[in-house]
Amino acid sequence: MLQLAHIRENRQEIIEALQKRGINAVEIIDQIIALDDHRKQTQSALDQSLSEAKKIASEIGSMMKAGRMEEANAAKAATGTIKKRNQELEQELKSHEAGLIELLATVPNAPHASVPAGKSSDDNETIRAWGEAENAEHATPHWDITKKYGLIDFELGVKITGAGFPVYLGKGAKLQRSLIQFFLDQGEEAGYTEVIPPHMVNAESGFGTGQLPDKDGQMYHAKEDDLYLIPTGEVPITNIYRDVIIAEDDLPIKNVGYSPCFRREAGSYGKEVRGLNRLHQFDKVEIVQLSKPEDSYAALEVMVEHVEQLLQKLELPYRVLRLCGGDMGFTAALTYDLEVYSKGQGRWLEVSSVSNFETYQANRMKLRIKSKDGKKRLAHTLNGSALALPRILAAILENNYDGEAVRIPACLVPYTKFETIE
RNA sequence: GGAGAGUUGGCAGAGUGGUCGAUUGCACUAGUCUUGAAAACUAGCGUGCCGCAAGGUACCGAGAGUUCGAAUCUCUCACUCUCCGCCA
């Protein structure tokens with residue numbers, strides 16, 4: 001969520017930034033500020049009232065010690081009204097605080113100055129591109145290739161679980177595992193510390209990174225234990241640092257982690273979701289950074305470069321997009337999407353999304369930085385896919401297929417131990 | 001899943017109804033001393049909220065309750081440890 005102090009100080013600026021998302025936030029922002037005013041007043045009144053009650057209690061203590069019992073009893077009798085007032089003020093404060101969080105949680109992050117205004121993916125800005133985005137001579141969609149070589153069985157997944165839960169077989173499984181290993185090794189080389197996080201999270205974690213309350217329909221929920229299957233490694237990895245105060249010298253913190261991701265994808269259908277294009281369960285290697293506010297945008301660029309390096313090593317043509325306000329996720333201030341060109345389908349596939357959340361998540365998580373002089377401030381959080389597996393796998397199969405065999409990119413051969421699928 | 005023990009500031013560990021946000025030690029930070037370091041000594045050293053500030057207020061696993069007053073008493077829950085059961 002946005003910080004209250006920041007909203008109060010930069011009301012107009014935030015309203016203008018949110019317009020890039022197509023949101024008119026005037027009313028909600030003013031509502032928030034008004035409620036915060038009430039909160040402050042109530043806090044003051046409560047503190048004063050509590051102070052009074054405390055004073056009387058200690059006076060009664062001294063009276064009793066001195067043996068002046070009648071006096072003490074008289075004072076006791078008079079405490080009723082104060083006590084009642086305290087309770088009322090406490091209730092009022094609580095409801096103001098809860099109301100504020102509720103309102104704040106409905107306001108998305110304010111886009112960065114460089115974010116273009118826009119409604120949909122049509123308004124995204126292409127920053128740069130790499131490689132030849134042309135259809136292959138033997139253009140074949142990956143679902144035909146996986147079938148031909150027995151790499152993935154989608155129907156088998158339907159039997160075991162349901163649509164969107166494919167079964168990887170033989171060289172298909174090995175290629176998948178090799179990619180994970182490759183991505184993790186590359187992350188480690190770039191200075192990220194590997195973590196293997198839990199694949200289920202509680203509601204607090206879901207709130208911390210911003211999936212809850214707004215996107216809870218997208219996550220699988222185990223009601224019995226009130227736990228959610230993670231939609232991305234971002235959730236458990238970033239929440240490692242929930243409620244933590246980090247010494248400034250320990251920043252930046254860089255983690256890389258592999259995890260399966262589970263998404264309900266309610267409402268998706270058609271050829272957009274065919275094959276590996278959109279699944280309910282998929283694998284992803286995620287990179288996460290915590291940084292000082294003044295360093296976060298430089299870190300974001302380096303993260304994008306890291307992902308680009310991966311794609312170049314895999315020899316996949318790609319382009320980098322700066323998302324417009326309307327296409328950006330709820331919690332992001334700036335997002336770069338990386339798309340690879342899928343030659344078998346003749347379309348771009350999103351394989352990575354790298355974002356700076358500034359203090360939006362840190363504020364929800366109470367993730368703070370402590371400098372040497374003892375001053376505390378919220379950290380900036382960033383994350384990105386490096387990379388999401390299924391569409392990479394699809395692109396590798398489609399882009400390296402010559403009608404006879406699939407050639408494995410050189411960087412993966414040390415992992416797969418085979419050079420072709422035929 | 002069953003039985004028992006526990007949960008206090010970065011760590012260790014006091015405190016069982018009244019001025020306790022909490023003794024003390026270690027760690028940490030600054031300073032004195034020293035050629036430098038160590039040692040010793042001095043001071044500082046949790047987090048949130050309200051307030052320009054002085055200051056006020058809240059937090060001793062979480063929530064509720066008893067009381068004029070709760071870290072201390074009662075209840076519920078969570079977690080940790082030990083033993084038993086089950087199990088990859």
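Keep in mind it's a predicted model, so treat the numbers as computed, not measured. Here is the naming used below: chain letters follow the sequence lines, and residue numbers restart at 1 for every chain.
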**Message:** Looking at A:F207, I'd like to know if the NZ or CZ of A:R364 sits under 6.0 Å from its six-membered ring centre while staying within 45 degrees of the ring's axis.
**Reply:** yes

**Request:** For B:C68 and B:A78, measure between their C1' atoms and round to the nearest Å.
**Result:** 32 Å

**Message:** Given B:C68, B:G56, B:C50, identify the nucleotide with an atom nearest to the side chain of A:K76.
**Reply:** B:C68

**Ring geometry between A:Y360 and A:F330 (parallel below 30°, tilted from 30 to 60°, perpendicular above 60°)** = perpendicular

**Asked** Between A:Y415 and A:F182, what is the ring plane arrangement, given parallel below 30°, perpendicular above 60°, and tilted in between?
**Response** perpendicular

**Request:** Just name whichever nucleotide pairs with B:A70, Watson-Crick or G-U, keeping both distances under 3.5 Å, else none.
**Result:** none

**A:D47 CG - B:U57 P separation (whole Å)** = 7 Å

**Message:** By nearest atom, which of the nucleotides B:A58, B:G46, B:G48 is closest to the A:K370 side chain?
**Reply:** B:G46

**Prompt:** Quick one: A:L46 CG to B:G56 P, roughly how many Å, whole number?
**Reply:** 16 Å

**Prompt:** Between A:M63 (CE) and B:G18 (P), how many Å, whole number?
**Reply:** 18 Å

**Complete:** By nearest-heavy-atom nucleotide on RNA chain B, the more 5' of A:K83 and A:E52 is A:E52

**Item:** Between B:G13 and B:G6 - C1' atom distance, rounded Å
**Value:** 14 Å

**Asked** Strictly under 6.0 Å, is that where the ring centroids of A:H112 and A:Y297 end up?
**Response** yes

**Prompt:** Of the candidate nucleotides B:C68, B:C50, B:U47, which contains the atom at the shortest distance from the side chain of A:T79?
**Reply:** B:C68

**Asked** Mapping A:S58 and A:E97 to their closest nucleotides on RNA chain B, which lands nearer the 5' end?
**Response** A:S58

**Mate of B:C59 where both pairing distances stay under 3.5 Å, Watson-Crick or G-U** = B:G46

**Request:** Could you state the atom-to-atom distance from CD1 of A:I82 to C1' of B:U67 in whole Å?
**Result:** 15 Å

**Item:** Any-strand Watson-Crick or G-U partner of B:G36, both distances under 3.5 Å
**Value:** none

**Asked** Contact class for A:K55 vs. all strands (heavy atom < 4.0 Å): base, sugar-phosphate, or nothing?
**Response** nothing

**Asked** Reckon A:S62 touches a base, only the sugar-phosphate, or nothing at all at heavy-atom distances under 4.0 Å?
**Response** base

**Item:** Gap in Å between the two P atoms, one belonging to B:C11 and one to B:A27, rounded
**Value:** 16 Å

**Message:** Classify A:K84 by what it touches in the nucleic acid, base, sugar-phosphate, or nothing, heavy-atom distance under 4.0 Å.
**Reply:** nothing

**Request:** When you get a sec, tell me which of B:U47, B:C50, B:G56 is the closest nucleotide to the side chain of A:R368?
**Result:** B:U47

**Asked** So which nucleotide does B:A5 pair with, by the Watson-Crick or G-U wobble rule with both distances under 3.5 Å?
**Response** B:U80

**Asked** So what does A:L50 hit on the nucleic acid, given a heavy-atom distance under 4.0 Å: a base, only sugar-phosphate, or nothing?
**Response** sugar-phosphate

**Item:** Cationic tip of A:K171 above A:F418 ring, under 6.0 Å, 45° of axis
**Value:** yes

**Message:** Can you check the distance between B:A62 and B:C79, where both ends of the measurement are the C1' atom (answer in whole Å)?
**Reply:** 10 Å

**Prompt:** Out of B:G18, B:C50, B:A58, which nucleotide sits closest to the side chain of A:A57?
**Reply:** B:G18

**Message:** Measuring to OP1 and OP2 of B:U57, would you say a side-chain N or O of A:S51 lies under 4.0 angstrom away?
**Reply:** yes

**Prompt:** When the C1' atoms of B:C26 and B:C83 are considered, how many whole Å apart are they?
**Reply:** 33 Å

**Prompt:** Which base sits across from B:A54 as a Watson-Crick or G-U pair, both distances under 3.5 Å?
**Reply:** none

**Asked** Distance between the P atoms of B:C60 and B:A22, in whole angstroms?
**Response** 14 Å

**Message:** Using the P atom as the point on both nucleotides, what is the distance between B:G55 and B:A5, in whole Å?
**Reply:** 46 Å

**Asked** Given that both distances must come in under 3.5 Å, which nucleotide forms a Watson-Crick or G-U wobble pair with B:C41?
**Response** B:G31

**Prompt:** Roughly how many Å is it from NE2 in A:H96 to C1' in B:C50, rounded to a whole number?
**Reply:** 15 Å

**Asked** Going from CG on A:L93 to CD on A:Q43, what distance comes out if it is rounded to the nearest 0.5 angstrom?
**Response** 5.0 Å

**Request:** Starting from the C-alpha separation in whole Å, work towards a yes-or-no answer on side-chain hydrogen bond (donor to acceptor under 3.5 Å, both in side chains) for A:Q176 and A:D283.
**Result:** CA-CA 9 Å; A:Q176 174 89 348; A:D283 290 317; 2.8 Å; yes

**Message:** Taking any heavy-atom pair under 4.0 Å as a contact, classify A:I245: base, sugar-phosphate, or nothing.
**Reply:** sugar-phosphate

**Message:** In whole Å, I'd like the distance from the NZ atom of A:K54 to the P atom of B:A70.
**Reply:** 10 Å

**Prompt:** Across the strands shown, which category fits A:K366 at heavy-atom distances under 4.0 angstrom: base, sugar-phosphate, nothing?
**Reply:** nothing

**Request:** Provide the distance between the two C1' atoms, one in B:C49 and one in B:C41, to the nearest whole Å.
**Result:** 38 Å

